[in-house]
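What follows is a single structure, written as structure tokens, with notes after it.
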Amino acid sequence: WMIRCFVMDLDRLYTYFCKPEIREEDTLLLYSLLQGNVNVKTFLLSRTDIEQMIMPMLQVLYESEAHSTHHMYMILIILLILTHDDHFSSYVHDLTLSSVPWYKERILTNISTGGVIILVILRTIQTNITKMRDKYLHTKLP
């Protein structure tokens with residue numbers, strides 16, 4: 001018997017995950033690859049434009065009432081996996097975004113990606129406490 005491997009074009013896969021609207025199925029695939037393939041995780045953590053993938057996921061969390069809790073759980077777990085890496089956690093605070101157009105509470109300009117992550121997670125907690133009341137959501141936060 002011969003075991004054959006398949007080849008993944010990680011650059012193409014990354015581009016796919018950076019699209020503006022990440023669907024629940026896409027998030028599940030990303031979660032599965034991050035969890036089960038160390039090469040994918042290493043590749044993603046080495047990206048210098050990681051905000052391209054992170055920002056659409058943060059927008060889903062921000063618009064939580066329009067998305068399923070399963071989708072939110074997977075995004076929170078993905079963020080948890082990524083933030084376990086010291087380099088990632090440090091790097092996202094060095095990545096400055098000129099604006100975050102979907103954030104409506106205030107105008108965000110020249111803010112770090114890490115700052116947006118913190119703001120959106122805090123808002124997710126607040127929304128969950130006041131509206132969604134999902135008793136398991138807080139156990140998934142990074």
Side-chain angles (χ1 to χ4, degrees), residues 3-142:
I3 298 175
R4 294 187 181 242
C5 296
F6 66 92
V7 177
M8 275 191 288
D9 182 344
L10 294 179
D11 284 315
R12 194 166 164 198
L13 189 65
Y14 180 75
T15 301
Y16 179 78
F17 288 130
C18 291
K19 62 187 179 183
E21 292 187 21
I22 188 163
R23 299 172 307 159
E24 190 169 342
E25 303 83 31
D26 305 332
T27 307
L28 178 59
L29 177 60
L30 177 59
Y31 164 75
S32 298
L33 288 170
L34 265 175
Q35 191 71 8
N37 189 320
V38 70
N39 293 327
V40 170
K41 183 178 177 182
T42 301
F43 175 80
L44 292 178
L45 290 170
S46 72
R47 296 295 301 206
T48 57
D49 59 348
I50 194 73
E51 76 280 2
Q52 298 296 317
M53 185 183 76
I54 298 296
M55 294 307 289
M57 290 190 289
L58 292 175
Q59 186 172 357
V60 168
L61 288 178
Y62 180 81
E63 298 167 349
S64 60
E65 293 180 34
H67 299 278
S68 75
T69 54
H70 291 78
H71 197 181
M72 292 174 37
Y73 284 161
M74 286 185 289
I75 290 172
L76 289 170
I77 293 169
I78 288 167
L79 290 173
L80 182 64
I81 291 168
L82 294 174
T83 56
H84 271 96
D85 183 82
D86 291 336
H87 175 72
F88 173 85
S89 295
S90 172
Y91 186 68
V92 292
H93 287 286
D94 293 333
L95 284 172
T96 303
L97 301 167
S98 58
S99 68
V100 184
W102 44 261
Y103 197 90
K104 304 295 183 204
E105 280 77 14
R106 64 181 55 219
I107 297 171
L108 298 179
T109 57
N110 298 319
I111 185 170
S112 73
T113 303
V116 177
I117 291 171
I118 291 168
L119 278 174
V120 171
I121 287 177
L122 288 173
R123 189 175 181 282
T124 301
I125 292 169
Q126 180 185 25
T127 300
N128 185 52
I129 289 170
T130 59
K131 295 179 184 171
M132 298 172 69
R133 300 178 193 266
D134 183 334
K135 63 182 178 180
Y136 299 108
L137 183 70
H138 295 94
T139 64
K140 307 288 188 264
L141 295 174

For this session: Would you give the length of the straight line joining atom CG of Leu61 to atom OG1 of Thr124, rounded to the nearest 0.5 angstrom?
Result: 4.5 Å

Problem set entry | Contact summary for Tyr14 and Leu44, nearest pair of heavy atoms | CD1-CD2, 3.4 Å

Exercise. Taking only residues two or more places apart in sequence or in another chain, which ones pass salt bridge (Lys or Arg N to Asp or Glu O under 4.0 Å) with Glu25?
Worked result: Arg23

Seminar exercise, completed: d(His70 NE2, Thr27 OG1) to nearest 0.5 Å is 13.0 Å

Exercise. Just how far is it from atom NZ of Lys19 to atom CG of Asp26, taken to the nearest 0.5 Å?
Worked result: 3.5 Å

Problem set entry | With sequence neighbours excluded, residues passing side-chain contact (heavy atoms from CB on, under 4.5 Å) with Met57 | Ile22, Leu30, Met53, Ile54, Ile75, Ile78

For this session: List the atom of Pro20, the atom of Pro56, and the distance in Å for their closest heavy-atom pair.
Result: O-CB, 3.6 Å

Exercise. If only atom types and distance count, is the side chain of Asn37 paired as donor or acceptor with the main-chain N or O of Val40 below 3.5 Å?
Worked result: yes

Exercise. Which atoms form the tightest heavy-atom contact between Val120 and Leu58, and what is the distance?
Worked result: CG1-O, 3.5 Å

Exercise. Between Ser112 and Gly115, what is the shortest heavy-atom contact and its length?
Worked result: OG-N, 2.8 Å

Problem set entry | Distance in Å, Leu34 CG paired with Leu45 CG, rounded so as to fall on 0.5 Å steps | 7.5 Å

Exercise. Can you name the residues that form a ring-ring contact (aromatic ring centres under 6.0 Å, His included) with Tyr103, not counting sequence neighbours?
Worked result: Tyr62

Problem set entry | Those residues that, when tested against Lys41, pass salt bridge (Lys or Arg N to Asp or Glu O under 4.0 Å) (two or more places apart) | none

Problem set entry | Rounded distance [0.5 Å steps], CG in Leu95 versus CD1 in Ile111 | 12.5 Å

For this session: Name all residues meeting the side chain to side chain donor-acceptor pair (under 3.5 Å) criterion together with Arg123; count only those two or more places apart in sequence or in a different chain, and write none if there are none.
Result: Glu105

Exercise. Taking all non-hydrogen atoms of both residues, which atom of Leu80 and which atom of His84 are closest, and how far apart?
Worked result: O-ND1, 2.7 Å

For this session: Output every pair passing side chain to side chain donor-acceptor pair (under 3.5 Å) with a member in residues 89-101, not counting sequence neighbours, ordered by first then second residue.
Result: none

Problem set entry | Close side-chain approach of Ile50 and Thr113, heavy atoms under 4.5 Å | no

For this session: Report the C-alpha separation of Val100 and Met55 in whole Å, then their side-chain angles, then the decisive distance to 0.1 Å, and conclude whether the side chain to side chain contact (heavy atoms under 4.5 Å, CB included) test is met.
Result: CA-CA 9 Å; Val100 184; Met55 294 307 289; 4.0 Å; yes

Exercise. Can you check whether Leu33 reaches Phe17 side chain to side chain, under 4.5 Å on heavy atoms?
Worked result: yes

Problem set entry | Between CG on residue Leu29 and CE on residue Met74, distance to nearest 0.5 Å | 10.5 Å

